[in-house]
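Starting from 1, each residue takes its place in the sequence as its number.
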Amino acid sequence: PLVHINTKHILFIAGGAFDGLEKIITKRLHQTPIGFGASIPSRVDEKAMDLFQYVEPEDLLKFGFIPELIGRLPVIAALNGLSREALRRVLTEPRNALIRQYRKLFAMDGVELEFTEEAIDAIVSLAITRGTGARSLRSIMEHALRETMFEIPDQRSVSRVIITAETIAGGAATFVE
């Protein structure tokens, strides 16, 4: 059955990467200049500026949003991608940071988990390469540690596991007895 909902007092929040929206914004911003005083933007300027800060409702419409939804988004705020340092902080600093979570998992088997600085850098670099921000951190770590997590319960003599950049690149972790 069809249920009617009054959305007058409902706040709508849309979030995501919106891949391809930057092309629509670029096309709108870089229309052919007309007149003597028109400035012609260079390709360097185009790469340097964060295009999402210039998003307009018309861009969202061309991107595929329906007008009814665009009308429910009175404020549009663009967020910048995470920097290398921000990704490193997400990985290491919060109380429930991924590295802490995996250390706790290994501690359940009586094993200390250690990450070298190069390993952390490799995780961050891979996340930047993927372009998916902090979401990719978990999948990168899961992929790198999967085999080790399955081997550890059978390795009673292992007291410490060291994760290096080579481990993140697909190599084996170092087991210390």
Side-chain angles (χ1 to χ4, degrees), residues 1-102 105 115 117-146 163 165 167-170:
L2 183 62
V3 177
H4 292 279
I5 299 173
N6 181 357
T7 61
K8 184 177 180 182
H9 300 293
I10 296 176
L11 173 65
F12 287 83
I13 299 174
F18 304 108
D19 189 36
L21 182 58
E22 69 279 358
K23 293 175 187 168
I24 295 169
I25 298 167
T26 300
K27 191 173 183 179
R28 178 178 50 81
L29 289 176
H30 294 85
Q31 291 176 350
T32 307
I34 299 173
F36 293 111
S39 64
I40 302 171
S42 71
R43 291 289 172 208
V44 175
D45 293 337
E46 185 179 307
K47 286 183 179 180
M49 73 172 149
D50 181 20
L51 293 172
F52 288 112
Q53 68 180 337
Y54 301 106
V55 70
E56 295 290 335
E58 66 191 65
D59 301 325
L60 297 175
L61 186 64
K62 288 180 182 173
F63 186 69
F65 278 72
I66 59 173
E68 292 81 4
L69 181 59
I70 296 171
R72 300 280 194 256
L73 303 171
V75 177
I76 299 173
L79 303 175
N80 295 329
L82 294 174
S83 67
R84 177 175 290 281
E85 182 58 32
L87 283 169
R88 177 181 262 283
R89 291 181 65 200
V90 166
L91 196 58
T92 59
E93 289 183 18
R95 192 171 46 95
N96 63 342
L98 283 172
I99 286 184
R100 292 181 188 191
Q101 289 178 29
Y102 279 96
L105 270 171
F115 288 85
E117 289 299 314
E118 293 79 17
I120 294 171
D121 288 340
I123 294 167
V124 169
S125 293
L126 196 50
I128 288 172
T129 301
R130 290 185 180 181
T132 54
R135 285 187 185 99
S136 61
L137 294 174
R138 180 172 297 280
S139 64
I140 292 166
M141 290 187 64
E142 186 70 29
H143 180 75
L145 297 173
R146 185 179 304 131
I163 304 302
T167 310
I168 303 305

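Residues E22 and Y54 bring no donor and acceptor atom of their side chains to less than 3.5 Å of each other.
Scored by the ring-ring contact (aromatic ring centres under 6.0 Å, His included) test, F65 finds F18 as partners (sequence neighbours excluded). Qualifying side chain to side chain contact (heavy atoms under 4.5 Å, CB included) partners for N96, counting only residues two or more places apart in sequence or in other chains: P94, Q101. Remark: R130 engages L126, T132, S136, S139, I140 in a side chain to side chain contact (heavy atoms under 4.5 Å, CB included) (not counting sequence neighbours). Not counting sequence neighbours, the partners of I13 by the side chain to side chain contact (heavy atoms under 4.5 Å, CB included) test are L11. With sequence neighbours left out, the side chain to side chain contact (heavy atoms under 4.5 Å, CB included) criterion links V90 to A134, L137.
Residues L21 and L60 are in side-chain contact: their nearest non-hydrogen atoms beyond the backbone lie under 4.5 Å apart. Contact annotation: the side chain of I123 never approaches that of L98 to less than 4.5 Å [non-hydrogen atoms, C-beta and beyond]. L105 places none of its side-chain heavy atoms less than 4.5 Å from the side chain of L145.
Atom CD1 of residue I25 and atom NZ of residue K62 lie 11.0 Å apart, to the nearest 0.5 angstrom. Between the CG atom of D59 and the CZ atom of F52 there is a distance of 10.0 Å, given to the nearest 0.5 Å. Put simply, CG on L91 and CD1 on I99 are 4.0 Å apart, with the number rounded to the nearest 0.5 Å. Atoms CD and CG, on E118 and D121 in that order, are 7.0 Å from each other to the nearest 0.5 Å. Separating the CD atom in E56 from the CG atom in L29 is a distance of 8.5 Å, to the nearest 0.5 Å.
The pair R88-E117 meets the salt-bridge criterion, with a side-chain N (NZ, NE, NH1 or NH2) lying under 4.0 Å from an Asp/Glu carboxylate O. In summary, R89 and E93 engage in a salt bridge, as defined by a charged side-chain N under 4.0 Å from a carboxylate O.
The nearest pair of heavy atoms linking D19 to F63 is O-CE1, 3.4 Å. Contact between L87 and G133 at its shortest, heavy atoms only, is CD2-C, 3.8 Å.
Listed by first and then second residue, the salt bridge (Lys or Arg N to Asp or Glu O under 4.0 Å) pairs involving residues 72-87 amount to none (not counting sequence neighbours).
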